[in-house]
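A quick note: this is a predicted structure, and the numbers were derived from the prediction, not measured.
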Amino acid sequence: MKSEPDVYSIDDLKRDKVTFWDGVRNYQARNFMRDQMQEGDEVLFYHSNAKPPGVVGLAKIVKVGIPDPTAFDPQSEYFDPKSSPENPRWYGVEVQFLEKWKAPVTLEEIKKHPQLKNMLVAQKGQRLSVQPVEASHFRTLKALGRRKVL
DNA sequence: GCCAACGTTGGC
DNA sequence: GCCAACGTTGGC
């Protein structure tokens with residue numbers, strides 16, 4: 001899951017412990033959250049528009065399939081008049097903080113890594129804010145994130 | 001700040 | 001249902 005750290009960072013999640021992941025307004029991302037995510041799933045937390053961009057830690061899905069209330073709120077920047085509480089168009093999930101790594105696994109590193117370079121996030125033009133990660137990629141990346149920092 | 005690579009919108 | 005125009009994402 002991608003987030004711009006200026007908007008919501010891994011430190012914010014660490015502070016909050018649990019947060020509702022709102023504001024997803026892309027059908028592919030929504031469908032992935034709705035159809036693929038399960039409670040208990042681990043999630044890579046990615047800082048986009050960051051210096052450097054990369055995966056900064058781990059989180060866990062604690063609840064799925066929650067209608068996104070910001071879509072109903074005319075004051076919200078995520079307001080969508082086509083979504084209503086009776087017929088919600090947008091959904092989110094609850095995410096729990098697990099760990100923040102001492103150093104991020106940067107996008108540059110992912111692109112260079114033989115076992116990670118074909119990850120979705122490393123592909124050109126790939127801008128989905130929520131995207132699937134293959135199990136082997138997940139394991140490799142997690143091990144990299146947990147390495148001792150020199 | 002630039003711009004490639006999308007996704008969405010709306011006229012027709 | 002096509003597609004041009006427009007908006008957004010996000011690395012660089």
Residues in side chain to side chain donor-acceptor pair (under 3.5 Å) contact with [X], at least two apart in sequence or another chain:
X	answer
Gln131(A)	none
Trp90(A)	Asp80(A)
Ser83(A)	none
His137(A)	Asn118(A)

Whole angstrom value for the distance that separates [atom2] of [N] from [atom1] of [X]:
X	N	atom1	atom2	result
Lys111(A)	dG11(C)	NZ	P	8 Å
Glu4(A)	dT9(C)	CD	P	7 Å
Leu120(A)	dG10(C)	CG	P	13 Å
Met1(A)	dG10(C)	CE	P	13 Å
Tyr78(A)	dT9(C)	OH	C1'	13 Å

If the cut-off is 4.0 Å, is [X] near the phosphate of [N], judged by side-chain N/O to OP1 or OP2?
X	N	result
Tyr46(A)	dT9(C)	no
Lys82(A)	dT9(B)	yes
Lys51(A)	dG10(C)	no

Give the table of side-chain donor-acceptor pairs shorter than 3.5 Å for residues 93-100 of chain A, with sequence neighbours excluded, one pair per line with atom names and distance.
residue, atom, partner, partner atom, Å
Glu99(A), OE1, Arg146(A), NH2, 2.9
Glu99(A), OE2, Trp101(A), NE1, 2.8
Glu99(A), OE2, Arg146(A), NE, 2.8
Lys100(A), NZ, Asp11(A), OD1, 2.9
Lys100(A), NZ, Asp11(A), OD2, 3.4

key: Residue mapping more 5' on DNA chain B - nearest nucleotide basis, Gln126(A) or Asn49(A)   =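 Between the two, 5'-proximity favours Asn49(A).
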remark   = Per nearest nucleotide of DNA chain B, the residue lying toward the 5' end, Tyr27(A) or Lys124(A), is Lys124(A)
inquiry  = I'd like to know if Lys51(A) and Glu4(A) make a salt bridge, using a cut-off of under 4.0 Å between side-chain N and carboxylate O.
reply    = no
List every contact pair, protein side and nucleotides 3-8 of chain C side both N or O, where the distance is under 3.5 Å.
residue, atom, partner, partner atom, Å
dT8(C), O2, Arg127(A), NH1, 3.0

